[in-house]
Amino acid sequence: MSDWKEQVERVVRQVVAEVLSAEGDAALQDLSSGSLRKPLVAANWKMHQTRAEVRQFADRLPELSASVESVICPPAILLPILAEALGVDSPVRLGAQNMHPANKGAFTGEHSAPMLRDADARYVIVGHSERRGLFGEEDDFVAEKVKAALKAGLRPILCIGEVLAEREEGATFRVLRGQLTAALSELGAPAPDPADLVVAYEPIWAIGTGRTASVAQAGEALAFVRERLAEIFGWAWADRVRLLYGGSATPENATDLASRPDLDGFLVGGASLDPEKFARIVLAMHEARAAKKEGPR
Ligand code: 13P
């Protein structure tokens, strides 16, 4: 597509997003609580599960609250199996764990955003710390992926987070600012639909360690992320972006974490392999939103 056509398309998308925002985008807004952001709980299965295990998972998955958007990101090869096992009426959405920013080409072992979309993925995890740390993915590559995902109609779940040494030397916010700014640097103006971007704060020291960020640590990091988004795209826009916490999230700690105003859900690794635990985290998110609605404002 030529540049000017792309620009026109983006302006039209932004105008539509603003109209929807004004009128109430029932598909995404959590209308029951008056919030502009529908809670989201996403499972990152990482390199786990076989076809048989996927079918068992789907069989054992309890009914999930419709007030929370539930997403499962299996290994890409299992996307069609998971879709089939969940069934066409399932409210659970599919996501991928990674993508290449090119649409196609000589990139052995990779999957493009249009391919993932074709496999019914609606979301894609981008910039996960395991991709950054183990596979050498840099900020500019992450930025290309965010742009390409949005262009293909996939919603990126952009992961950012600090290592323990950075936290201990007081560099957490600097790291978050740097990763966020870089990852969004390819987007330019006008901004994408805020409902299409999800940011997950995943402190690396809390991933797979059983050590979770405290409610205060998660809350202040997420508030910082929203503030930074507002600096880039304005408050009305930033207020509609969903922010997740990831890092040893479990049914046991989800309720406390979900009490933070900027936390809209979770990106769950280990606990999401167990269908009951995943469902309990979804339930915790549902209950936290209901409690916020009832509590003092
Ligand atoms: P754990 O929940 O296993 O700590 O993993 C978090 C994560 O990396 C999700 O993307």
Side-chain angles (χ1 to χ4, degrees), residues 39-49 53 57 68-76 78-79 82 92-99 111 116 121-137 142 145-146 149 154-164 166-167 172 175-176 179-180 183 197-215 217-218 221-222 225 242-258 260 263-285:
L40 190 161
V41 176
N44 177 5
W45 279 359
K46 308 192 179 183
M47 201 170 72
H48 292 282
Q49 306 289 51
E53 286 164 344
F57 181 97
V68 177
E69 195 174 8
S70 304
V71 176
I72 299 179
C73 306
L78 295 173
L79 279 168
L82 180 61
V92 177
R93 296 198 167 175
L94 302 184
Q97 298 176 14
N98 182 35
M99 56 168 272
H111 300 94
L116 297 170
R122 306 287 292 272
Y123 287 83
V124 61
I125 298 170
V126 170
H128 192 280
S129 58
E130 285 149 20
R131 302 269 355 145
R132 293 177 192 257
L134 302 172
F135 302 99
E137 295 193 2
V142 173
K145 292 187 193 205
V146 170
L154 273 177
R155 292 179 167 158
I157 301 177
L158 167 67
C159 298
I160 57 175
E162 80 288 1
V163 297
L164 189 58
E166 289 164 336
R167 174 159 284 275
T172 299
V175 171
L176 297 183
Q179 290 177 346
L180 194 59
L197 180 73
V198 179
V199 180
Y201 168 58
E202 297 210 312
I204 295 163
W205 48 271
I207 294 179
T209 57
R211 189 174 164 190
T212 320
S214 69
V215 174
Q217 286 169 331
L222 292 172
V225 169
R242 288 174 295 174
L243 304 184
L244 312 183
Y245 168 78
S248 299
T250 62
E252 289 71 35
N253 57 34
T255 301
D256 280 350
L257 287 161
R260 301 306 303 179
L263 190 149
D264 302 307
F266 295 95
L267 181 55
V268 190
S272 74
L273 295 168
D274 178 326
E276 276 87 26
K277 287 187 183 169
F278 181 64
R280 281 169 59 205
I281 296 174
V282 172
L283 182 64
M285 202 57 228

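Every number for a ligand or one of its atoms is a count from 1 in the order of the listing.
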query = Are the side chain of Asn98 and the backbone of His128 linked by a donor-acceptor contact shorter than 3.5 Å?
reply = no
task = For Leu267, counting its heavy atoms only, list the atoms of ligand 1 lying under 4.0 Å from any of them.
result = 9 (C), 10 (O)
remark   = Closest to atom 7 (C) of ligand 1 among protein heavy atoms sits Glu202 OE2, 3.3 Å
inquiry  = Can a donor-acceptor pair be found, under 3.5 Å and without considering hydrogens, that links the side chain of Arg131 to the backbone of Gln97?
reply    = no
Whether Tyr245 side chain and Ala213 backbone form a donor-acceptor pair below 3.5 Å = yes
ask   = Can you say whether the rings of Phe57 and Phe278 are parallel (under 30°), tilted (30 to 60°) or perpendicular (over 60°)?
value = tilted
request  = Could you find the nearest protein heavy atom to atom 5 (O) of ligand 1 and give me its residue, atom name and distance?
outcome  = Lys46 NZ, 3.3 Å
ask   = Looking only at protein heavy atoms, which one is nearest to atom 3 (O) of ligand 1, and how far off is it?
value = Gly270 N, 2.8 Å
query = Which of the numbered atoms in ligand 1 are below 4.0 angstrom from a heavy atom of Ala206?
reply = 4 (O)
ask   = So, Lys277 side chain and Thr250 main chain: donor-acceptor pair closer than 3.5 Å or not?
value = no
ask   = Which residue holds the protein heavy atom closest to atom 2 (O) of ligand 1, what is that atom called, and what is the gap in Å?
value = Gly269 N, 2.9 Å
ask   = Does some non-hydrogen atom of Ala271 fall short of 4.0 Å from ligand 1?
value = no
task = For Gly208 and ligand 1, answer yes if some heavy atom of the residue is under 4.0 Å from a ligand atom, otherwise no.
result = yes
query = How does Ile207 reach ligand 1, if at all, at less than 4.0 Å between non-hydrogen atoms: by side chain, backbone, both, or neither?
reply = both
query = What are the two closest non-hydrogen atoms of Tyr201 and Ala221, and how far apart are they?
reply = CE2-CB, 3.4 Å
message = I'd like to know if the side chain of Arg132 reaches the main chain of Gly127, judged simply by a donor and an acceptor atom lying under 3.5 Å from each other, with no hydrogens or angles considered.
response = yes
message = Against ligand 1, does Gly210 come closer than 4.0 Å with any heavy atom?
response = no
key: Per-atom contacts of ligand 1 with Ser248, taking only distances under 4.0 Å to non-hydrogen atoms   = 1 (P), 2 (O), 4 (O)
key: Per-atom contacts, ligand 1 versus Gly247 - under 4.0 Å to a heavy atom   = 4 (O), 6 (C)
ask   = Stepwise, does the side chain to side chain donor-acceptor pair (under 3.5 Å) test hold for Glu53 with His48?
value = CA-CA 9 Å; Glu53 286 164 344; His48 292 282; over 6 Å; no
